[in-house]
Amino acid sequence: MRGSRTKRLKRSGLGLAELVHPLLPEGFLADYWQQKPYVCHGALDRVAGLAAIPELRSIEALLEAWRGPAEAWAPRGTGNPVITAEGHQLSAFFDSGYTLYLSRVEQHVPALVPFARRMELELGMRVGEIYFEAFISQGRGSVVHFDPNVTINIQLLGSKKWWMAENEHLVNPHLGWAGGTEIDEQMLRYSRQPFPTRMPRGATSFEARKGTLVYLHPGYWHSTRNHEPSLSLLYTINPPSWTELLVDEIRGQLQQIDDARELAFGLGSTAEYRDKRQRLEALIQEIAGAVARLDPDALLATWGGSLVASFERNSRVDVRVETVSRRGEPRLAVIKRSGRKTE
């Protein structure tokens, strides 16, 4: 059953090979993945499967298909706040120069679902960890910011100027941040301050045209500006962090302890301080015990289920393309040899 699902997904949507062409997937994963940006200019034909979806052929078609709320970002310099607009209001905001941020596009454009599922299969992600976002704008684009997730941005319509720079203030942010907004308290603890209010020196720039692909890993500084109507679609790759997974596991174990579920009364008073301290000390020891009992193999099995993807080369399997003769005519064939077995 799983094999037939895998075959169906590989026949549908786009794979990593088509997206990162002319790089091979192995080269992209070795040299760029979670290390540095990858920018590729080319014809939209290589992602024709995406571009051919009716709702993505024009800005008007996508807005017509949108049935829920979305964020509208005011043009830079206006000082207006981010607005959550209803679907029927989005065209008016777009005409007024706002940038529209659409999240979970596949919920409104179901034809995108196989694209997300295939990418999850190829990258070893769980179902739901890859989804689509879209940006629609004819205004000034986005301020300097970074995202907490991996994005693969495809310019479907129009063009857009990009600026990008390495983030020397933090690595692996647990949240995103944009210039002019408050910084999360936890982020303040592990980042170097102050954050820049404009793109750092040494930033690179380029023009994204129809068909341009931009890959960014979490935390990389970037900003954009466009002078014409623009539609870009993003693969957003957003699995949980190890912190989130481990905290959830430890929370689940603590929830089984009666004292841990008790409401923490009296934190604003020094009364009964000794009792509170003893209670907390006992719970901290419970946490230490819970951590000591964690089994990495069992956790990976629980979190990942059946692991179906790997980019590690198997030295016991040899795969190559050879010319074979079939009915007297030369044909190309993929030959797989594993031990004594040849397919």
| task | Following the transitive rule for hydrophobic clusters with a side-chain heavy-atom cut-off under 4.5 Å over Ile, Leu, Val, Met, Phe, Trp and Tyr, establish whether Y101 and L62 coincide in one cluster. | result | no
| Can you check whether S159 reaches H227 side chain to side chain, under 4.5 Å on heavy atoms? | no
| request: State yes or no: do L56 and L157 share one hydrophobic cluster built from I, L, V, M, F, W and Y residues joined by side-chain heavy-atom distances below 4.5 Å, directly or via other members? | output: yes
| query | For E185, does the CD atom have more than 12 heavy-atom neighbours from other residues, nucleotides or ligands under 6.0 Å away? | reply | no
| task | Taking the side chain as every heavy atom from C-beta outward, state whether V247 and R251 have any pair of such atoms under 4.5 Å apart. | result | yes
| Got W221 and E166 here, is their nearest side-chain heavy-atom distance under 4.5 Å? | no
| task | Provide the closest heavy-atom pair for I154 versus L19 in the form atom of the first, atom of the second, distance. | result | CD1-CD2, 3.7 Å
| query | Same cluster for V144 and V39 if Ile/Leu/Val/Met/Phe/Trp/Tyr side chains link at under 4.5 Å? | reply | no
| said: Just checking F146 against Y220, ring centres under 6.0 Å apart? | reply: no
| note | Value for CG (L188) from CD (Q186), rounded to nearest 0.5 Å, stands at 10.0 Å
| query | For the residue pair W162 and F206, does the interplanar ring angle fall in the parallel (under 30°), tilted (30 to 60°) or perpendicular (over 60°) class? | reply | parallel
| field | Residues E228 and K160 bridged, charged N to O under 4.0 Å | value | no
| request: Check whether any side-chain heavy atom of W33 lies under 4.5 Å from a side-chain heavy atom of Y38, and answer yes or no. | output: no
| said: Would the distance check show the side chain of R261 and the main-chain N or O of Q255 forming a donor-acceptor pair, the cut-off being under 3.5 Å? | reply: yes
| said: With a sphere of 6.0 Å drawn around CZ of R57, does it hold more than 12 non-hydrogen atoms of other residues, nucleotides or ligands? | reply: yes
| task | Report the distance from atom OG1 of T302 to atom CG of D297, rounding to the nearest 0.5 Å. | result | 10.5 Å
| task | Could you label the plane-to-plane angle of the F28 and Y32 rings as parallel, tilted or perpendicular, counting under 30° as parallel and over 60° as perpendicular? | result | parallel
| Do L123 and L29 come close enough that some side-chain heavy atom pair is under 4.5 Å? | yes
| Between F132 and L233, is a side chain to side chain contact (heavy atoms under 4.5 Å, CB included) present by the stated rule, with each step listed? | CA-CA 7 Å; F132 287 94; L233 183 74; 3.9 Å; yes
| task | Report the C-alpha separation of T151 and V214 in whole Å, then their side-chain angles, then the decisive distance to 0.1 Å, and conclude whether the side chain to side chain contact (heavy atoms under 4.5 Å, CB included) test is met. | result | CA-CA 8 Å; T151 58; V214 182; over 6 Å; no
| message | Looking at E129, is its backbone amide N or carbonyl O close enough to the side chain of E120 to form a donor-acceptor pair, meaning the two atoms are under 3.5 Å apart? | response | yes
| request: Answer yes if L16 and Y235 sit in the same cluster of Ile, Leu, Val, Met, Phe, Trp and Tyr residues linked by side chain heavy atoms under 4.5 Å apart, and no otherwise. | output: yes
| message | Give me the atom names and distance for the closest heavy-atom approach of E286 to L254. | response | CB-CD2, 4.2 Å
| Partners of Y190 by ring-ring contact (aromatic ring centres under 6.0 Å, His included), sequence neighbours excluded? | H174
| Ring centre gap for F135 and W73 strictly below 6.0 Å | yes
| request: Using a 4.5 Å cut-off on heavy atoms from C-beta on, say whether the side chain of P148 contacts that of W177. | output: no
| said: How close do R104 and G128 get, counting heavy atoms only, and between which atoms? | reply: NH1-O, 4.0 Å
| Where do L100 and L63 land on the side chain to side chain contact (heavy atoms under 4.5 Å, CB included) test, with the steps shown first? | CA-CA 10 Å; L100 306 180; L63 293 181; 3.8 Å; yes
| Quick one: are R126 and P240 in side-chain contact, heavy atoms under 4.5 Å? | yes
| Donor on one side chain, acceptor on other, S191 and H169, under 3.5 Å | no
| said: With heavy-atom distances below 4.5 Å as the criterion, would you say the side chains of L216 and M164 are in contact? | reply: yes
| Would a distance-only check, ignoring hydrogens and angles, find a side-chain to backbone donor-acceptor pair under 3.5 Å from R67 to E64? | yes
| task | Report yes or no: does T212 contribute a side-chain atom to a donor-acceptor pair with the main-chain N or O of R209 at less than 3.5 Å? | result | yes
| remark: dist S103:OG -> Y131:OH (nearest 0.5 Å) comes out at 5.5 Å
| request: Give every residue pair that meets the ring-ring contact (aromatic ring centres under 6.0 Å, His included) criterion with at least one member in residues 236-285, sequence neighbours excluded. | output: none
| message | Please determine whether side chain to side chain contact (heavy atoms under 4.5 Å, CB included) holds for the pair Q253 and L294, giving the CA-CA distance in whole Å, both sets of side-chain angles, and the decisive distance to 0.1 Å. | response | CA-CA 10 Å; Q253 294 196 32; L294 294 179; 3.4 Å; yes
| query | So, the side chain of D184 versus the backbone of M187: is there a donor-acceptor pair under 3.5 Å, distance only? | reply | yes
| task | State whether a side-chain donor-acceptor pair under 3.5 Å links T236 with E133. | result | yes
| task | Check E249 against W303 and note the closest heavy-atom contact, atom names and distance. | result | OE1-NE1, 4.3 Å
| said: Heavy-atom count check: over 12 atoms from other residues, nucleotides or ligands less than 6.0 Å from E182 CD? | reply: no
| Knowing that exactly one of D95, I59, T99 qualifies, which makes a side-chain contact (heavy atoms from CB on, under 4.5 Å) with Q138? | D95
| query | Do W163 and V143 share a hydrophobic cluster, counting only Ile, Leu, Val, Met, Phe, Trp and Tyr and linking them when any side-chain heavy atoms are less than 4.5 Å apart? | reply | no
| said: Please report the interatomic distance CG(L112) to CD1(I130), rounded to the nearest 0.5 Å. | reply: 13.0 Å
| task | Keeping the roles fixed (side chain from Y98, backbone from S91), state whether a donor-acceptor pair exists under 3.5 Å. | result | no
| request: Please answer whether the main-chain N or O of N226 pairs with a side-chain N or O of S230 as donor and acceptor at a distance below 3.5 Å. | output: no
| said: Could you measure the distance from the NZ atom of K161 to the CD atom of E207? Nearest 0.5 Å is fine. | reply: 6.5 Å
| task | Might you confirm whether atom NE2 of H108 has over 12 heavy atoms from other residues, nucleotides or ligands at distances under 6.0 Å? | result | yes
| field | Backbone N/O of G15 and side chain of E18: donor-acceptor pair under 3.5 Å | value | yes
| request: Look up atom CG in L102 and atom CG in L231, then write down how far apart they are to the nearest 0.5 Å. | output: 8.5 Å
| message | Can a side-chain donor-acceptor contact be found between H222 and D147 if the only test is distance below 3.5 angstrom? | response | yes
| query | With a 4.0 Å cut-off, would you call E272 and K276 a salt bridge? | reply | no
| G219 to N167 - nearest heavy-atom pair and separation | O-ND2, 2.8 Å
| request: Look at the side chain of Q89 and the backbone N and O of E86, then say whether any donor-acceptor pair between them is shorter than 3.5 Å. | output: yes
| field | Under 3.5 Å donor-acceptor, R46 side chain and G211 backbone | value | yes
| Which heavy-atom pair separates M119 from L14 by the least distance, and what is that distance? | CE-O, 4.5 Å
